[in-house]
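First comes the structure, then the notes that go with it.
Nothing here was measured: the structure is a model prediction, and the numbers come from that model. Start at 1 with the first residue, then count along the sequence.
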Amino acid sequence: MRTIRRQATEWLAAAATDPGDCKRQWHGESGVAVLACGRFWDVLSVPVDVGALALDALLRMPQAPGPVLADAVARRVGFFLPPDPAGRWVGTDVRYLGHGAWVTTPAPHRNSGRLRWLVPPDGVGTLFVPTAMEAALQQALGTLAAKAGTGRPCRVCGVRTAGTRPPSGGRSR
C-alpha cells in the first residue's frame, strides 16, 4: 500500500513546476497544491449530479478507472483524461481544463477541506478512456433526463431533478 501511495504521489507531483515544492505544500497547512493540466493529463469537470452518475457507469466498465476529484463547495466532479490538444469537450456546464489551465489537488492519499478523491491516482498513470467517458456522460444525462419532472431524487447522488433541465455534454465532432 505504501508503494502505491508513493508512486501515486510521485506521478501526480510530476505535473508541478517543482515536484518537491508540490509535496511540501501537500504536507503543509493547506494540504493542497496547484498543478498544471495539459502535460500528463487534462481534467473534465462536470456538475456533481452528472459526475456521480457518470462515475457509477465508469466503475462498471472493464477498464481500470482514472483519478476522480470532487469539490464539495463547487459541487463539481473532475475526471482525469489523457491530454487532448483540441479540447473538444463541450456542453452546458462542462469545463475542460487542458494546456494552460491549473487544478488544485490534495495529495493522492488525503482529502483536504472541500477537495476529496473519489478515485485516487493509482501511481501508474491510469486515466479514463475518452470514449468510455463520453459513453458514461451520455448515460448519466439520459438518466437525469428520464428523472426530470418525476420529483424523485436520483438513486446515486440524491439530487432532485424535478423542474430542472439536465445539461448536455460530450465531445464535439
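- For the atom pair CG (L127) and CG (D122), the distance works out to 8.5 Å, reported to the nearest 0.5 Å.
- Contact annotation: the side chain of P120 never approaches that of P67 to less than 4.5 Å [non-hydrogen atoms, C-beta and beyond].
- Under the side chain to side chain donor-acceptor pair (under 3.5 Å) criterion, D21 pairs with Q25, sequence neighbours left out.
- S45 pairs by the side chain to side chain donor-acceptor pair (under 3.5 Å) definition with R76, not counting sequence neighbours.
- Within the model, atoms CG of L59 and CG of L118 stand 9.5 Å from one another, a figure rounded to the nearest 0.5 Å.
- Linking ILVMFWY side-chain heavy atoms closer than 4.5 Å, directly or via other members, places V129 and L55 in two distinct hydrophobic clusters.
- A side chain to side chain donor-acceptor pair (under 3.5 Å) check over residues 61-71, counting only residues at least two apart or in different chains, returns the pairs D71-R114.
- Looking at residues two or more places apart in sequence or on another chain, you find a salt bridge (Lys or Arg N to Asp or Glu O under 4.0 Å) between R95 and D93.
- One distance of note links CD of E10 with NZ of K23; it measures 3.5 Å at 0.5 Å rounding.
- Both Y96 and L141 are part of a single hydrophobic cluster, where members link through side-chain heavy atoms under 4.5 Å apart.
- With rounding to the nearest 0.5 Å, the separation of CG in L44 from CG in L97 is 8.5 Å.
- For Q139, there are no side chain to side chain donor-acceptor pair (under 3.5 Å) partners two or more places apart in sequence or in a different chain.
- The side-chain heavy atoms of W41 and W11, taken from C-beta on, include a pair separated by under 4.5 Å.
- Among V68, L69, D42, T126, the one residue that satisfies the side chain to side chain contact (heavy atoms under 4.5 Å, CB included) test with F80 is L69.
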For residues 101-111, please give each side-chain donor-acceptor pair under 3.5 Å, one per line with the distance, not counting sequence neighbours.
unit_1	atom_1	unit_2	atom_2	d
R110	NH1	W26	O	2.8
R110	NH1	H27	ND1	3.4
N111	OD1	W117	N	3.1

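- A16 and C22 make their closest contact through CB-CB, 3.6 Å (heavy atoms, listed as atom of the first residue, atom of the second, distance).
- Cluster membership for F40 and F79, using ILVMFWY side-chain heavy atoms within less than 4.5 angstrom, is not shared.
- Here the straight-line distance linking atom CG of L12 with atom OG1 of T9 works out to 7.5 Å at 0.5 Å rounding.
- V48 and L58 end up in the same hydrophobic cluster when Ile, Leu, Val, Met, Phe, Trp and Tyr side chains are linked at under 4.5 Å.
- Hydrophobic cluster membership differs between V34 and V43, with clusters built from Ile, Leu, Val, Met, Phe, Trp and Tyr side chains linked at under 4.5 angstrom.
- Rounding to the nearest 0.5 Å gives a distance of 9.0 Å between CG of D56 and OG1 of T143.
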